[in-house]
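All values below come from the heavy atoms of this structure, side chains included, with hydrogens, waters and symmetry mates left out.
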Amino acid sequence: MASFYGFAPQSRLFLGTAQYPSPAILADAVKASGVEIVTVSLRREAGEGGAGQAFWSLIRDLGVRVLPNTAGCHGVKEAVTTAQMAREVFGTNWIKLEVIGEDDTLQPDVVGLIEAARILTNDGFEVFPYTTEDLVVGGRLLDAGCEVLMPWGAPIGSGRGLNNVYGLRSMRAHFPGIPLVVDAGIGLPSHAAQAMELGYDAILLNTAVAKAGDPVRMAQAFARAIEAGRDAFEAQPIEARDMAAPSTPVMGKAFLS
């Protein structure tokens with residue numbers, strides 16, 4: 001099992017906590033899926049009217065590890081300040097670092113991401129960077145002190161699955177000893193299974209569960225698909241071929257003359 005800054009969860013599913021129909025459904029989805037790590041936005045915790053405190057109490061009662069995020073931050077200063085505030089609120093050095101560079105796709109600003117990651121790791125944070133599948137960017141993030149990489153599968157909330165399978169496969173091969181998590185764009189359990197079959201260590205998703213017709217059942221489906229995909233990877237699947245290969249031997253076959 002992969003270790004994330006010294007923590008090795010049994011579940012390979014990380015679940016977001018936004019957009020659920022109700023707090024009760026969120027709690028049921030987390031319990032049904034068996035996840036041990038959930039992401040939480042500081043903006044949710046700081047909501048008006050005490051809603052944030054009630055939400056934080058719910059998360060604490062679930063007994064899961066919290067990964068605060070800097071969702072919605074568009075610059076280095078904003079992301080760093082949000083991370084520092086999240087550490088005070090949630091009492092953890094973990095931070096999912098998002099520095100958004102483009103509004104339509106929510107693509108990471110990788111230049112700002114690297115700069116913010118360096119500042120935060122020097123300040124004692126354990127950074128989970130939301131990045132692209134670019135190998136050079138991945139290397140720079142590791143040089144900045146990150147010990148985990150979280151490339152996107154597709155734009156956040158798009159449900160498109162893995163837009164660049166070649167790039168994700170290349171990242172897995174290029175960083176064989178680094179924990180890799182596909183973050184964003186996963187829409188179906190089959191997308192998650194595909195990522196795990198590439199050798200990824202975990203999947204982080206939110207919208208595909210939270211906005212499903214039955215979030216609890218969908219959370220269970222993702223948990224099963226992720227385990228199946230990982231089992232397939234570890235079982236060393238056959239390679240694809242261009243031509244047929246008979247599964248039944250021809251030796252001893254009767255031939256008519």
Original post:
For the side chain of E36 and the backbone of S11, is there at least one donor-acceptor N/O pair under 3.5 Å apart?
Top reply: yes
**OP:** Find the distance between OG1 (T121) and CG (L97) and round it off to the nearest 0.5 Å.
**Re:** 10.0 Å
Subject >> Flag side-chain contact, heavy atom, 4.5 Å: N93 against I95 >> reply: no
Original post:
Mind checking what makes side-chain contact (heavy atoms from CB on, under 4.5 Å) contact with R172, not counting sequence neighbours?
Top reply: L180, Y200, D201
Original post:
Mind checking what makes side-chain contact (heavy atoms from CB on, under 4.5 Å) contact with I100, not counting sequence neighbours?
Top reply: H74, E98, L106, Y130
Original post:
For M150 and L204, which heavy atoms make the closest approach, and how far apart are they?
Top reply: CE-CD1, 3.3 Å
Original post:
In terms of hydrophobic clusters joined by side-chain contacts under 4.5 Å, are L188 and I203 together?
Top reply: no
Subject >> Point-to-point distance, once rounded to the nearest 0.5 Å, from CG of D104 to CD of Q107 >> reply: 11.0 Å
Original post:
Tell me, do M196 and R230 make a side-chain contact under 4.5 Å, heavy atoms counted?
Top reply: yes
**OP:** Could you walk me through whether T131 and L113 pass side chain to side chain contact (heavy atoms under 4.5 Å, CB included), step by step?
**Re:** CA-CA 8 Å; T131 183; L113 181 68; 3.7 Å; yes
Subject >> Value rounded to 0.5 Å, distance of CZ in R65 from CD1 in I37 >> reply: 7.0 Å
**OP:** Verify the neighbour count for atom CZ of R217: are there more than 12 heavy atoms of other residues, nucleotides or ligands below 6.0 Å?
**Re:** no
Subject >> More than 12 heavy atoms from other groups under 6.0 Å of CD on Q236 >> reply: no
Original post:
For D123, which residues count as a side-chain contact (heavy atoms from CB on, under 4.5 Å) partner, sequence neighbours excluded?
Top reply: Q84, R87, F125
Subject >> With I114 via side-chain contact (heavy atoms from CB on, under 4.5 Å) - residues at least two apart >> reply: R118, V137, R140, L141
Original post:
Taking it one step at a time, do F55 and S41 satisfy side chain to side chain contact (heavy atoms under 4.5 Å, CB included)?
Top reply: CA-CA 11 Å; F55 175 76; S41 170; over 6 Å; no
**OP:** Mind jotting down which residue pairs meet the ring-ring contact (aromatic ring centres under 6.0 Å, His included) criterion with at least one end in residues 143-188? Sequence neighbours excluded, please.
**Re:** none
Original post:
Pairs in or reaching into residues 9-28: which pass ring-ring contact (aromatic ring centres under 6.0 Å, His included), with residues at least two apart or in two chains?
Top reply: F4-F14
